[in-house]
Structures are given as structure tokens and as C-alpha cells.
Amino acid sequence: MPSILPINKNWSFTQVGGGEANADGEWIPASQFPTSTHAELVKLKKIPDPFVGLHEWDVQWLGEAVWAFKTTFDVTEKELAEPNVDLVFEGLDTNAVVELNGHKLAETNNMFVSYRLPAKEHLKIGSNDLLLTFPSSYLIGKELEATHGKGALWNGDSSRLHVRTAQYRYGWDWGPVLLTTGPWKPVYLEAYSIRIDDLRISTKVDESLAAVIDVTVALSSEASAKASIVLKDASGKALKTADISISNGKGSTSFEAKAGELELWWPVGYGKQVLHTVDVQVADEGGKPLDSRTQKIGVRRLRIVQDPLEGEEGLTFLFEVNNVRMFCGGSNWIPADSFLTNISDDRYREWLQLMVDGNQNMIRVWGGGIYEPDIFYDICDGMGTILDVTEIKTNTYFPLELGLLVWQDSMFGCGQYPAYDDYIKRVEIETEQNVKRLRHHPSLAIWAGNNEDYQVAEQLNLGLDYNDEDLNSDFRKTTFPARYIYERVLPSIVNAHSDVFYHRGSPYSGYGKPTTDRTYGDLHQWNVWHGSQEPWHNWDKLSGRFVSEFGMQGYPDIRTVDYWVGDNKAERYPQSRTMNNHNKADGFERRLELYLMENFKHAFDIESYVYYTQVMQAETLASAYRLWRRNWRGKGKEYTAGALVWQINDCWPVTSWAIVDYFLRPKPAYFSIKRELRPFTVGMTRKEVTTYSPNHPNTRVHFTSDYSLEIWGTNSTLEEKTVTLDVKTFDLNASDASKVLVYEMPQKEVKLAANASTELFKGSLVEFGQPLRTKPSDVPRTLIVSTRLLDSDGTVLARYANWPEPFKFVHFPAPSELGFKIAVDGDSVTLSTDRPLKGVVLDVADGGEEAKWSDQAIDLVPGDPQTVTAKGLNGREVKARYLGDGSA
């Protein structure tokens with residue numbers, strides 16, 4: 001059997017030739033392994049923390065220096081007696097020279113691949129020396145660019161296009177320029193006679209939900225052998241077995257299962273995340289064990305459905321699992337740290353747990369980062385991770401395991417990538433390795449070729465002819481050469497080595513349509529914030545078949561802001577140089593203020609600026625999910641089948657589009673999205689309708705102005721649900737509290753269709769107490785319409801309070817007139833009010849360590865108190881911010 005010797009001790013590193021990090025010849029002990037230059041030097045305080053102040057720019061020299069890492073390890077006589085002894089590097093970042101006992105074994109050039117290097121002839125019994133030298137990948141990229149040409153791009157230095165490394169580290173509109181290097185994944189020595197080189201388990205489930213599981217074993221040599229293969233259930237009980245012969249290094253078998261014989265794997269919210277195990281034991285023909293492998297799989301039928309729609313052009317773009325079509329509500333994922341070796345398994349669990357806690361069911365691994373480590377996909381599969389769900393009742397419809405569908409991009413982002421021969425070879429190896437590594441995960445739903453590269457080609461008019469589907473076309477000779485990668489190289493590898501659906505890019509429409517087409521494929525909807533900078537109220541007009549990116553910026557928690565401000569408190573204001581450095585988006589000042597000025601009366605002290613941008617982000621993103629879930633109207637009417645917010649996370653402390661900041665502190669938007677992705681939700685629109693008098697042709701002054709009110713509910717469960725619709729109207733500026741409630745619609749029983757939205761009411765706001773207007777100077781009453789869906793026992797399944805907008809026109813009552821109460825009982829905080837409140841954000845009054853809240857950005861109305869939990873409150877007083885709290 002193979003023996004594995006981890007090489008993870010006694011590592012040290014140096015800046016070759018000496019420099020700011022160390023003297024020439026000085027070696028610094030590494031504090032951990034795997035590791036990287038920046039991570040080590042920050043811990044040793046040899047460089048300032050690049051996440052604080054302007055220090056990002058004080059450490060740029062690291063990316064252009066030459067670094068080396070070395071260690072010694074012992075090899076035994078037994079290990080050297082094996083026919084094969086390999087040095088395995090799971091990941092080297094990025095260009096490296098590998099030397100063993102003074103012998104050069106390899107030069108590496110791709111961060112995303114593992115390297116297996118035959119090493120036996122250069123090893124010796126006893127101590128062995130391993131040296132890894134890392135020249136500057138940035139400078140190598142500049143040399144490649146000079147040779148092969150400069151491509152256009154969004155974000156970062158154009159030389160990144162030639163380097164197969166994590167692109168975001170060259171700087172993005174949310175991330176710093178921090179070019180790290182080092183052995184970023186494990187290193188080990190493997191001694192063996194014969195090993196399992198590849199294990200492919202292909203699970204095919206037909207429409208009846210009967211399954212065929214194909215198992216193919218490939219050995220490291222063309223040897224003859226035999227293998228025992230066992231399929232086990234989640235408890236470890238053997239369900240099916242097969243003994244096969246292996247000839248010329250390959251063997252295969254199949255297991256068949258009738259519908260219902262094997263438990264199925266489901267995404268979160270639809271069923272259990274049942275994982276089966278396939279055990280493979282390989283022996284030589286005499287029965288001597290050679291190698292073994294165990295792999296977990298999920299039995300499920302997953303399709304991307306592109307079908308015609310009722311009443312609209314185009315096709316659906318939806319995910320169907322085990323014959324159930326599902327609305328995908330989720331997030332985009334970027335690398336969780338600028339220094340990847342600082343991300344622990346527990347930190348991955350915390351991040352992904354936040355998604356499921358937030359009622360999300362899909363995560364998109366974005367193409368400018370990395371192919372994430374195995375633990376990421378294991379957690380998404382549902383490897384027994386139990387969540388602490390603090391919501392009651394409404395969340396009981398969701399199981400407590402993870403089960404996140406994964407949208408996987410290839411690592412190409414926002415650029416005019418090259419396609420010369422050496423580059424193509426690097427991409428082929430990278431793709432095959434990662435497809436083989438990830439293909440067995442039941443969570444892996446789709447593989448996309450790139451992020452926004454087709455959009456770059458469209459914007460730059462690179463001669464992109466979407467109607468050219470001729471297989472003989474050589475796109476390498478065009479101004480968009482990487483089309484050869486996305487339409488030839490990647491699909492051939494993905495299709496040859498997996499059963500995963502391949503999509504040419506994100507966004508990508510297909511059918512001869514540009515990426516901005518809203519009727520085919522997936523869409524990145526950036527006309528809120530970028531593009532035409534539409535009001536967020538127009539999300540319904542900006543929908544697509546599947547919106548795989550959209551977003552709005554918001555400041556992080558004030559504690560995160562204070563972290564990056566550091567000791568320089570003079571920089572603690574929104575327009576400071578430090579604040580500017582911690583928002584990387586072009587034109588962010590104009591865009592933040594555009595949306596703030598359009599919608600809010602706001603203040604500029606930093607605490608208030610944090611609050612107002614957070615509430616703006618929460619309102620914007622909740623509105624998108626609310627309106628797009630309405631478009632999921634049942635089979636044949638899935639006009640919008642998913643929405644993935646940009647983005648769930650940050651790689652450093654920054655103001656960005658993230659809904660949870662670098663320190664895993666959720667912003668209010670996280671909670672507003674969480675509410676909109678509950679199994680049952682209720683939504684409402686209020687739109688002004690002007691009717692001109694037919695008795696006065698061409699008039700400007702003879703008209704009436706009314707508001708049209710529409711209410712709908714959504715139900716993501718697979719059964720029809722009977723609920724009670726409860727609607728009340730409140731006058732914010734009533735003369736006294738007893739007159740705040742101005743209309744109460746008689747409660748009525750309604751049925752929410754299974755796995756769809758249901759229209760519940762359409763009428764005039766006049767019915768709810770709003771007088772008709774006959775001239776623009778008629779100021780409408782400030783009426784808040786509250787609607788709730790109640791279960792048979794009176795439990796609130798969903799609530800939404802619709803306010804008149806923009807909020808800047810609202811004259812809020814003085815805080816003393818609100819009757820707002822905060823009642824604390826241990827970890828429970830109950831909020832109540834005598835007048836409607838908008839955007840309540842809670843915090844501990846002492847400003848110390850934050851509590852973990854179950855809800856934020858809360859809207860309150862009289863007679864409907866809401867209780868949230870606050871872990872870590874520890875008896876401290878609670879304070880609240882809200883619109884009209886006197887700060888602006």
C-alpha cells in the first residue's frame with residue numbers, strides 16, 4: 001500500500017539576496033505550513049498590516065522580490081525500497097523552481113494545479129533537502145505580455161492575463177493589490193508500487209429516479225490487478241458490491257438501482273443531503289493490497305432546463321433537481337482572504353453556514369479567484385454540519401444540514417485572455433485536474449467558462465460573432481482568441497471527464513444573443529450601481545431569466561471600519577484618504593451619493609454614514625429578491641429562476657458590495673435577503689397612476705393621481721399552503737397614536753400555490769385611506785401599508801411593510817412620539833412601537849464586542865411586535881438606529 005509522508009515541518013523562508021525582510025543568507029522560521037510570504041511577515045511584524053490604513057502600498061515590494069522556502073525531511077530505507085517515490089505539491093503559488101538535494105526537479109507555472117514529481121533517484125536514506133525558489137510571477141507576467149501581446153481588461157494589471165494565478169490579487173474593484181507567493185497547499189512524499197491514479201464515479205438518474213452508478217478505476221501503470229468495489233449508505237451499510245478485473249491499468253463496473261432503492265441527495269430546503277460512499281480496494285493478482293480509495297457521492301438528477309415560456313420570448317434557465325424545479329436564491333463567492341493560507345476549515349464552515357442560515361441555496365464560485373479546496377465543496381454537499389438556527393417556525397421547513405448548489409466558474413475574469421500554445425497547455429492541465437477533483441460532488445451543478453469575458457469582447461467590439469458556430473472556426477486568430485478556450489478547450493475537457501453541465505461563460509445568453517439579453521441564459525444586472533444607474537425600484541424591469549450578479553454597496557460594521565482606520569483617528573470620516581483606499585470601486589463617491597441623495601435625508605458622521613449606506617443596501621437587495629421571486633409563477637412561467645447577489649464575502653476589511661464583511665459580521669442586507677428567501681414571503685408594490693380628464697384634451701392640469709397597490713405571496717415548499725392575508729394601513733403623521741391605524745382590510749383566507757408565487761390583491765390606495773391628488777402640490781398622506789401572512793395558529797409566516805418613497809420626503813415624528821420600546825430578556829430582544837418605524841438596526845450600547853443578531857433592518861408597525869435573538873448580549877443595554885432617529 002502507498003505510504004504518505006507529510007512534509008510540513010521545519011520550513012523556513014528568505015528574501016533571496018536579502019532586502020527589507022531579512023539579511024542576505026538569513027532564513028526565517030515559518031510559523032505554519034502551508035504558508036505564504038505576506039502571511040508570515042505580518043505575523044512577525046516585519047511588515048505593517050496591509051489591511052490597515054494605507055499600508056497596502058507599503059508592501060508592494062514583496063510582489064517583485066524573489067523568495068525561497070526550504071526544509072529537510074527524513075526518508076527511510078523502507079520508503080526508498082518501493083518502485084516509485086514521488087514528491088507531490090498540491091499547490092505552488094505560482095512560478096517556482098523545485099530542487100531536491102541540489103537537483104532541479106521542475107519549474108512550475110500554474111497556481112491551480114498539483115505537481116507529482118518522480119524523486120526516487122535523487123532521494124537518500126536519512127535527511128534530504130528540499131528547496132523551493134519563487135521568482136516574481138508579476139515580473140514573469142510582464143515578460144510574457146511583452147512577448148505575446150497586451151490584452152484589454154477590467155481590473156488589475158494587464159499582465160495578469162498571462163499568469164495562471166488568482167487574478168483578484170492584482171487588485172479588483174473590491175480588493176487590494178497584494179501579490180503573495182509560496183507553497184500554499186500541502187506537500188508530501190508518496191512511496192508506492194502501484195496506486196489508484198483516477199477514480200471516476202458517474203451517477204446517472206433518469207426521470208423515473210432510477211439510478212445507474214458507473215465506477216471506473218485507473219491505475220498509475222498498465223498493470224493487471226483486481227478490485228473490490230462497495231457502495232454503502234450513509235450509515236456505512238453495504239448496499240451493493242462488485243469484484244472486477246483490471247487490465248492494462250483500467251477497470252470498471254456499474255451498479256443499478258430502482259427508483260426508491262437509494263435515498264436521493266437534495267439541495268437545502270427540499271430534502272435531506274444523503275451521501276453514499278464508494279469504497280475501492282485494489283490488490284494484485286495474488287491478493288496483496290496495492291491501494292484503496294473512498295469517495296462520497298450524492299444520488300440525484302440535476303438538469304439545467306431551457307424551455308419555452310408562456311407569453312414571453314426566450315427560454316427558461318432554471319435548475320431542476322430530482323424532477324423538482326427550484327428558484328435559486330444565493331450569493332457570489334470571492335476568495336475569503338487576500339492571504340489564502342489564513343483560511344481555516346472552520347472559517348469556511350462559518351461562511352457557508354451563514355448562507356444556509358440566510359435561507360440561501362446556491363453559491364457561485366467566481367472566476368477571478370481560485371478553485372476552492374475540497375473542504376469547501378464537502379461542506380456544500382452536506383457533510384453532517386449542523387447549524388444553529390435561531391429563527392422559529394418559518395425555518396422549520398428547512399433541514400439543518402448544508403446542501404448548497406455550486407455554480408463553478410473556470411478561473412478567467414474580466415479580460416481579453418490569450419490563447420497561444422503554451423498558455424493553452426497550462427489551461428488544459430488545470431481544467432482536467434480540477435474537473436476530476438470536483439466532479440463527484442453532488443453540490444456541483446454547473447461549470448461556466450469565465451466571468452464577463454464575453455462582455456469585455458462586446459464592449460471593445462472585438463469582432464465577436466455569436467452566430468459563428470462553425471467547429472472549423474479558429475478563434476485563436478481573432479481579436480478574441482480566448483473564445484477558443486471557452487468554446488473548444490473547456491467544453492471538451494468538462495464533457496470528457498464529468499457529467500456536469502457546461503455553460504460558456506457568465507453571463508452568457510447563447511442563441512446568437514449578446515450577454516445583455518434578458519430572455520436567454522444568465523444575466524449580470526449592473527444597471528443599478530453601474531451602467532445606466534437605474535433606481536432600485538426598477539428591478540422588476542431589469543429582470544432576467546437567471547440573474548447571476550447584481551448588487552449595491554454598503555459600509556461594513558463600524559468595528560470593521562475602525563480596524564482599517566487604525567490609530568489615525570483623524571481619518572475617521574467618510575471622505576478621508578484612508579476611507580477612499582478602502583473602497584476600490586471606480587466612482588464610488590458619486591454612486592453612493594446618487595442613491596443616498598435620491599432616497600434618504602442622511603448625515604455625514606461616520607456612524608451615520610455606515611448606517612444609511614447599510615439601510616440603502618438592505619432596501620435595494622431585498623427589493624430585487626422580492627420582485628424577482630414574484631416572477632417564479634409556476635411551470636412554464638419561470639420568468640426569473642434565480643438571483644445571486646454580488647457578493648456574500650470580502651477578502652479584506654473594505655466597503656464593498658458584500659453582505660457580510662471580512663470579519664464575518666453580517667450587514668443589515670444579509671438579514672433583509674434572509675427574509676425574502678424564507679419559504680413563505682409576501683410582497684407589495686405601490687405605483688403612482690395619473691389619469692387625465694377626457695373632458696380636457698391636451699391638458700396638463702386636469703388630472704387625478706392615485707396609487708395602484710399589488711400584493712402577492714410566494715411559497716417555495718412543494719405543497720399548496722392555506723394562509724390568512726392580513727393588511728393594515730397606518731398614518732405615520734396622525735395627530736395622536738390612537739389615530740395611526742386608518743384602515744384594516746378584513747382578513748381573508750388565501751391559497752399559496754406550491755413552488756410558485758400567487759397574486760393576492762390588486763387595487764387602489766384610495767381604498768386604504770389615500771385621497772386622490774389633483775395637483776403636484778397635493779402632498780400625499782404618509783401611509784404605511786403592512787401585510788402579513790398568518791398560519792392557521794396565528795403564527796406570522798411572512799410580513800412586509802410598504803412605505804412611500806423616496807424616504808427623504810417623509811417627515812418622521814420626533815423619537816419621543818414613536819412609543820418605540822426595546823425589551824430585553826436574556827438573549828431575546830422584543831421590539832414594539834406605537835407608530836411605524838423603518839430600518840431598525842440594533843447594537844450593544846457600550847460599543848464593545850458585537851452581539852450576533854438573528855435579524856436587522858427591521859420594519860415595525862403598531863400591534864405587531866417582533867422578537868430577535870442576540871447571542872453575546874451578556875446583559876448589556878441595546879441601542880437602535882432607524883430612519884428619523886434625529887441623526888439627519
Residue pair [X] / [Y], side-chain heavy-atom distance below 4.5 Å:
X: Ser716; Y: Arg629; value: yes
X: Ser331; Y: Trp646; value: no
X: Phe546; Y: Trp407; value: yes
X: Met411; Y: Met111; value: no
X: Leu231; Y: His276; value: yes
X: Glu90; Y: Tyr188; value: yes
X: Leu340; Y: Pro335; value: yes
X: Arg633; Y: Glu638; value: no

Basic-acidic side-chain contact under 4.0 Å: [X], [Y]:
X: Glu487; Y: Arg504; result: yes
X: Arg116; Y: Glu190; result: yes
X: Lys296; Y: Asp279; result: no
X: Asp345; Y: Arg347; result: no
X: Lys204; Y: Asp214; result: yes
X: Lys674; Y: Asp357; result: no
X: Glu82; Y: Lys120; result: no
X: Asp381; Y: Arg300; result: no

Item to complete: Report the C-alpha distance between Met362 and Leu644 in whole Å, list the side-chain angles of each, state the deciding distance to 0.1 Å, and finish with yes or no for side-chain contact (heavy atoms from CB on, under 4.5 Å).
Response: CA-CA 8 Å; Met362 176 174 275; Leu644 308 181; 3.9 Å; yes
Spell out, as yes or no, whether a donor-acceptor pair under 3.5 Å connects the side chain of [X] to the backbone of [Y].
X: Thr431; Y: Glu428; result: no
X: Tyr377; Y: Glu372; result: yes
X: Asn361; Y: Phe327; result: yes
X: Asn715; Y: Ala753; result: yes
X: Asn332; Y: Val645; result: yes
X: Asp243; Y: Ile229; result: no
X: Asp470; Y: Asn472; result: yes
X: Thr316; Y: Leu318; result: no
X: Asn322; Y: Leu302; result: no
X: Thr758; Y: Leu752; result: no

Worksheet item: Pick from Thr714, Thr640, Asn755: which one makes a side chain to side chain donor-acceptor pair (under 3.5 Å) with Trp632?
Response: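 Result: among Thr714, Thr640, Asn755, Asn755 is the only option passing the side chain to side chain donor-acceptor pair (under 3.5 Å) with Trp632.
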Worksheet entry | Residue among Arg437, Glu430, Glu432 satisfying side chain to side chain donor-acceptor pair (under 3.5 Å) with Asn434 |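 Passing option: Arg437.
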Please give me the minimum heavy-atom distance between [X] and [Y], naming the atom from each residue.
X: Ile379; Y: Arg349; answer: CD1-CG, 3.3 Å
X: Ile334; Y: Trp366; answer: CG2-CE3, 3.9 Å
X: Ile196; Y: Ser292; answer: CD1-C, 3.9 Å
X: Gly449; Y: Phe412; answer: O-CD1, 3.5 Å
X: Asp409; Y: Ser506; answer: OD1-CB, 4.4 Å
X: Ser208; Y: Ala259; answer: O-CB, 3.1 Å

Item to complete: Using the ring of Phe680 (Phe, Tyr or Trp, six-membered ring only), decide whether Arg678 places NZ or CZ under 6.0 Å from its centre and within 45 degrees of its axis.
Response: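 Verdict for Phe680: no cation-pi partner in Arg678.
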Measuring from [X]:[atom1] to [Y]:[atom2], what's the distance to the nearest 0.5 Å?
X: Ser247; Y: Leu219; atom1: OG; atom2: CG; answer: 10.0 Å
X: Ile485; Y: Leu490; atom1: CD1; atom2: CG; answer: 7.0 Å
X: Asp517; Y: Tyr511; atom1: CG; atom2: OH; answer: 11.5 Å
X: Leu404; Y: Gln353; atom1: CG; atom2: CD; answer: 11.0 Å

Aromatic ring proximity, centroids under 6.0 angstrom, [Y] and [X]:
X: Phe89; Y: Trp184; value: no
X: Tyr508; Y: Tyr486; value: no
X: Trp333; Y: Phe376; value: yes
X: His503; Y: Phe317; value: yes

Fill in: Of Val299, Val321, Val274, the residue whose pairing with Leu264 passes side-chain contact (heavy atoms from CB on, under 4.5 Å)
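In the set Val299, Val321, Val274, the residue that makes a side-chain contact (heavy atoms from CB on, under 4.5 Å) with Leu264 is Val299.
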Fill in: Residues Arg439, Asp198; criterion salt bridge (Lys or Arg N to Asp or Glu O under 4.0 Å); working and verdict
CA-CA 12 Å; Arg439 64 191 173 193; Asp198 187 34; 2.8 Å; yes
Worksheet item: How far apart are the C-alpha atoms of Ser245 and Lys226, what are their side-chain angles, what is the distance that settles it, and do they pass the side chain to side chain donor-acceptor pair (under 3.5 Å) test?
Response: CA-CA 4 Å; Ser245 296; Lys226 57 185 180 180; over 6 Å; no
Practice prompt. Using a cut-off of 6.0 Å, state whether more than 12 heavy atoms not belonging to Glu719 lie near its atom CD.
Written response: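 At most 12 heavy atoms, drawn from other residues, nucleotides or ligands, come within 6.0 Å of this atom.
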Worksheet entry | Glu222 atom CD, neighbour heavy-atom count above 12 within 6.0 Å |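 Count not over threshold, so no.
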Item to complete: Output every pair passing salt bridge (Lys or Arg N to Asp or Glu O under 4.0 Å) with a member in residues 310-321, not counting sequence neighbours, ordered by first then second residue.
Response: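 Residue pairs with at least one partner in residues 310-321: Arg303-Glu320, Glu312-Arg545, Glu320-Arg325.
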